[in-house]
There are 2 protein chains.
Amino acid sequence: MSRLTRDDIVIAAGRRFAEYGYHGTSMRDLGGDLGILGSSIYAHVGGKHDLLVAVVERAGSLFNASAEAATREGSDPSDTLHRLIRGHIDVLIDHAPEARTFLNEATFLEPEDRRRVTGQRDRYEATFRRTLESGIVSGDFRHVDVTLTGIYILSVLNAIGRWYDPDGPVDRDALAVDIHEFVLRGVTAH
Amino acid sequence: MSRLTRDDIVIAAGRRFAEYGYHGTSMRDLGGDLGILGSSIYAHVGGKHDLLVAVVERAGSLFNASAEAATREGSDPSDTLHRLIRGHIDVLIDHAPEARTFLNEATFLEPEDRRRVTGQRDRYEATFRRTLESGIVSGDFRHVDVTLTGIYILSVLNAIGRWYDPDGPVDRDALAVDIHEFVLRGVTAH
DNA sequence: CCTACCGATCGGTAGG
DNA sequence: CCTACCGATCGGTAGG
């Protein structure tokens with residue numbers, strides 16, 4: 001057993017916050033997961049709140065990195081949308097605890113931190129709106145309200161962490177294709 | 001000031017749970033909202049957990065009552081879907097605290113209660129799947145996976161409580177129409 | 001519904 | 001990272 005790093009603690013905190021919530025996690029719980037005392041955590045972080053900030057900020061960075069990668073290679077809006085959807089799924093599955101904490105516990109950040117995270121989030125969502133707009137301009141998409149439609153798409157994506165089982169019957173490629181199809185065509189026949 | 005009823009306390013608890021979460025709410029906070037002491041709440045309920053059960057069960061009943069009303073008058077699947085969407089929006093706006101607590105805090109119920117609530121929820125979601133199926137049979141809808149598509153639709157609907165402002169520019173009629181259109185047609189032109 | 005509590009647990013600190 | 005704590009707060013109870 002070597003010594004723990006700050007990163008080890010942030011990762012364990014993400015898991016706890018995702019499952020039990022920020023207020024449902026005690027420093028002693030967290031220490032228990034790591035094999036140390038709750039009070040020993042204070043050798044690595046200033047307080048419980050710092051851990052929430054670190055977890056949430058990590059997820060925000062991952063989402064934005066994904067959006068940048070998806071929009072780097074310009075191609076048609078439908079393909080860009082597919083890459084955005086696939087990237088979101090990847091972050092949600094590969095960094096599930098951080099992503100879930102980002103989505104569910106960010107409200108408990110202190111005002112200053114929350115504003116910064118809200119900014120991160122707005123940047124990310126703006127990528128979806130821009131993709132929708134470019135599709136409308138190109139004539140590929142109809143004249144949807146990009147604000148509302150961006151919210152709908154992200155609602156479908158953000159919920160994935162609440163029901164998707166990576167070891168279940170649907171793999172992530174199929175999921176991305178199915179959601180892309182749903183977003184593009186809806187349920188109507190033809 | 002007349003005496004409080006159990007109902008008054010359940011309503012106040014819903015508000016607290018929706019805003020601060022179950023674990024972020026203390027009985028003293030709740031008493032403060034009601035103008036009584038935290039300990040006085042125990043004259044009306046057996047414990048904090050009973051309040052979570054009451055709030056969540058109320059929301060579950062409202063969602064199911066809405067689904068029954070929406071499917072009572074048989075008509076084409078697209079219209080039924082519109083009524084389901086509109087009903088969900090109404091519950092989410094008119095009973096926002098209970099609905100949000102239902103969606104976010106039900107995981108903190110004790111196993112037995114959680115199972116019952118999960119049952120309520122499954123019944124509700126099944127109504128969406130049945131409507132999709134009847135649309136596929138009638139040829140109105142394409143051959144979507146009804147499980148996945150039901151989840152997508154409910155994801156869009158459940159997220160409404162996280163962003164929608166009833167006093168904002170979008171009224172609930174317009175929202176229902178816009179979501180119905182999105183679910184039916186997606187974003188593709190034509 | 002209040003008074004007057006209870007033991008348990010909370011986030012956090014001093015000193016090593 | 002542990003020992004040994006701290007004051008504050010937690011859910012809850014007995015008795016009125």
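Since this is a predicted model, take the numbers as computed values, not measurements. Order of the sequence lines fixes the chain letters, A, B, ..., with proteins taken first and strands second; residue numbering starts at 1 for each chain.
- As a whole-Å value, the separation of B:I41 CD1 from D:dC10 C1' is 13 Å.
- Residue A:L37 contributes atom CG, which lies 19 Å from atom P of C:dG16 at whole-angstrom precision.
- When the side-chain nitrogen and oxygen atoms of A:S39 are compared with OP1 and OP2 of C:dG12, none of them lie within a distance under 4.0 Å.
- For the pair A:L52 CG and C:dG11 P, the computed distance is 13 Å after rounding to whole Å.
- Atoms CZ (A:R16) and P (C:dG11) sit 12 Å apart, rounded to a whole Å.
- Of the side-chain N and O atoms in B:Y42, none sit less than 4.0 angstrom from OP1 or OP2 of D:dT13.
- Of the nucleotides present, C:dT9 is the one that pairs with D:dA8 by Watson-Crick or G-U wobble criteria, both distances under 3.5 Å.
- B:D50 has no carboxylate O lying under 4.0 Å from a charged side-chain N of B:R6, or vice versa, which leaves the two without a salt bridge.
- Picking from D:dC1, C:dG12, D:dG11 the nucleotide with the shortest atom distance to the side chain of A:R28 gives C:dG12.
- Closest approach to the B:K48 side chain among C:dC1, C:dT3, D:dG11 is made by D:dG11 (side chain taken as heavy atoms from C-beta onward).
- Taking 4.0 angstrom as the limit, B:S26 places none of its side-chain polar atoms (N or O) nearer than this to OP1 or OP2 of D:dT9.
- Between B:Y164 atom OH and A:I151 atom CD1 the span is 11.5 Å, to the nearest 0.5 Å.
- D:dT9 atom P lies 20 Å from atom NE2 of B:H23, rounded to whole Å.
- Nucleotide D:dG16 is matched to C:dC1 when pairs are restricted to Watson-Crick or G-U wobble geometry with both distances under 3.5 angstrom.
- C:dT9 atom P lies 11 Å from atom CG of A:D29, rounded to whole Å.
- A salt bridge is defined here as a Lys NZ or Arg NE, NH1 or NH2 lying under 4.0 Å from an Asp or Glu carboxylate O, and B:D94 with B:R172 meets this definition.
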Checking A:D8 against A:H44 for the side-chain hydrogen bond (donor to acceptor under 3.5 Å, both in side chains) test, could you report, in this order, the C-alpha distance in whole Å, the side-chain angles of both residues, the deciding distance, and whether it holds? CA-CA 10 Å; A:D8 295 327; A:H44 297 92; over 6 Å; no
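- Looking at which nucleotide of DNA chain D each of B:G46 and A:H44 is closest to, the 5′-most match is held by A:H44.
- For the pair B:M27 and A:I36, nearest-nucleotide mapping onto DNA chain D gives the more 5' position to A:I36.
- Between B:F63 and B:F102, the ring centre distance stays below 6.0 Å.
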